[in-house]
Amino acid sequence: MRALSQAARVTEHHANPMPASSLHWFRDDLRLADNPALSAAVAHGPTLFLYILDEGGSRRPLGGASRWWLSRSLAALASALEAKGSELVLMRGDPAAILPRVVETSGVDLVTWSRRYDAPSMALDSRLKADLTAAGTRVESFNAALLNEPWQVATKTGDPMKVFTPYWRAARAVGEPAAPMPAPRRMASLPLPAALAAMAVSHAELALEPTRPDWAGGLRETWTPGEAGAAARLSEFLAGPLDGYGEGRDRPDRVATSRLSPHLRFGEIGPRQIWHATRSAIESGDASAGSSDVEKFLSEVGWREFSYHLLFYNPDLATENFNRRFDAFPWRRDEPALERWQRGLTGYPIVDAGLRELWTTGWMHNRVRMITASFLIKHLLIDWRQGEDWFWDTLVDADPANNAAGWQWVAGSGADASPYYRIFNPVTQGLKFDTAGRYVRRWVPEIAGLDDSLIHEPWKADAGALRRAGIALGETYPRPIVDLDLGRKRALDALAMTRSEDAPG
DNA sequence: AGGTATTTTGA
DNA sequence: CAAAATACC
């Protein structure tokens, strides 16, 4: 079948050569600027712009919050294309079946896309590249998601890197990231052939947003998905919170971080753009941050790069311990505790605040991600993969590299991970990073009436303080699910086995 | 990118 | 004597 159609195509090309045309397959690069694959397609000739919702294959299904974001991001992208006289074609199904058919019927002679790095996506993309090439169509893939390709950074002996600091030093030594490309000024749209009209689906038919119940109200209030929303967030960050970022980034009670993560996740903005925008804001004097704030911010972009490096060389990063000593770790199965953690009912205010922020907005401050993850893993001894799953379902920035690497880092099973004895105390952390309890009061309003001195440990309030604050401990707000000292000792005992001297180094 | 007990420091 | 540095887990 394939050989036959290939022969037909070659004959056809010789008989009456068709004008050059292209197809850009959008995936996690939902932007027009700094999108080299898109630019290459547009420069080649009239372009068919295609997105395929791929839910049945071996790729990890998107979580609910990510589906909501994707829906809004696709709508934004469609509008941006429409403003340039082009159309975004939406389809649903297996790209391995859909793409060759669209390419063949539309007669495009160039297909472009931006690379992905999770194993099932890479397998799918390689297969498609081979199939389309064999059928006579040129395929070009580009880097839109990273400063450096994962394989561009290596140790002196050519091995993958396992520690962040040398990784980031080596990554910076690769050279200054390329300047971002502007969005194509003009683009000619290649319409979907009439014969394929039945394959296209409407945005509504993708059914990516929740209806009954509609739990996305908090997401809508918090975010503006899409390329323009991403650019606005970056500008606001550079003009404000970047100054003082080094200290402010740890404070969940302030708006002191960029909150670009979901925009990055869906490629509404790329790290090259962030890098150069940050540099020029400093050089032009539009931002007044010190060099340590800038370095700190760029190194956060570096952690994302490092996570992708780890994922590329460890395709099972989300399911297998990077450090195999953790394979025998005595995790507890405790569904009631897991559920109380998920719902923000552990009795530890900063933990509960974080999980409720996550549930309501689809996002959680990084400092609080570490605190809540540490609590689940260490105080509750619940497998990091159960926490990773929850974050995957509820985060709008759920990312195959960052989410897995972050959880393994907290568990201590990851690369350059948190040491086994680092067990975050939610009270200490709360006092240190949410000093006045503003973050807790926002997300755990039922204890908002407590004094600052008790806001992070309501179980220490005496009957009078509880009555004044209108709290019935154990009824309107839970007592602690586990004792901190007992949980800490239990975790240290369990973790001791991962560091016995006879284990392989 | 910690916590905690202990020691040291300096107002 | 409280805060800061240190040692150890």
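Each chain gets a letter, A, B and so on, in the order its sequence line appears, and its residues count up from 1. Owing to the predicted nature of the structure, the values given are computational and were not obtained by experimental measurement.
- For the pair A:D250 CG and B:dA1 P, the computed distance is 8 Å after rounding to whole Å.
- A salt bridge is defined here as a Lys NZ or Arg NE, NH1 or NH2 lying under 4.0 Å from an Asp or Glu carboxylate O, and A:R356 with A:E446 meets this definition.
- Regarding A:F433, its CZ atom lies at a distance of 8 Å from the C1' atom of B:dA1, rounded to whole Å.
- Ion pairing between A:D29 and A:R115 fails under the 4.0 Å rule for side-chain N and carboxylate O.
- Look at A:D214 and A:R220 and you find a salt bridge, because one of the NZ, NE, NH1 or NH2 atoms lies within 4.0 Å of a carboxylate O, short of that distance.
- In this structure, A:K432 atom NZ and B:dG3 atom P are separated by 6 Å, rounded to whole Å.
- In this model, the phosphate group of B:dG2 is not approached by any side-chain N or O of A:K378 to a distance below 4.0 Å at OP1 or OP2.
- Within the 4.0 angstrom heavy-atom criterion, base atoms lie near A:R249.
- For A:I350 and B:dG3, the CD1 to P distance is 11 Å, given to the nearest whole Å.
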Practice problem: Please assess A:R385 against A:E388 for the test salt bridge (charged side-chain N to carboxylate O under 4.0 Å, His left out), listing each intermediate value before the final yes or no. | Solution: CA-CA 5 Å; A:R385 283 161 284 222; A:E388 197 273 348; over 6 Å; no
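- Here the side chain of A:S307 pairs a donor or acceptor atom with the backbone of A:W303 at under 3.5 angstrom.
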Readout for nucleotides 4-9 of chain C: B = base within 4.0 Å of protein heavy atom, S = sugar-phosphate only, - = neither; 5' to 3' it is -----B
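- Looking only at distances, no side-chain donor or acceptor of A:D399 sits under 3.5 Å from a matching main-chain atom of A:R265.
- Side-chain N/O atoms of A:N366 include none lying less than 4.0 angstrom from OP1 or OP2 on B:dA1.
- Counting any heavy atom pair closer than 4.0 Å across all strands shown, A:T428 reaches sugar-phosphate atoms only and no base atom.
- At the heavy-atom level, A:K296 lies under 4.0 Å from the strands shown only through sugar-phosphate atoms.
- Rounded to an integer number of Å, the gap from NE2 of A:H379 to P of B:dG2 is 14 Å.
- For B:dA1, the OP1/OP2 oxygens have no side-chain nitrogen or oxygen of A:Q429 closer than 4.0 Å.
- Taking 4.0 Å as the cut-off between side-chain N and carboxylate O, A:D483 and A:R488 do not count as a salt-bridged pair.
- Remark: P of B:dG2 and NZ of A:K489 are 21 Å apart, rounded to the nearest angstrom.
- A:F424 places its CZ atom 10 Å from the P atom of B:dA1, with the value rounded to the nearest Å.
- A straight line from CG of A:L486 to P of B:dT4 spans 13 Å, rounded to a whole angstrom.
- At B:dT4, none of the side-chain N or O atoms of A:R422 fall inside 4.0 Å of OP1 or OP2 (strictly under the cut-off).
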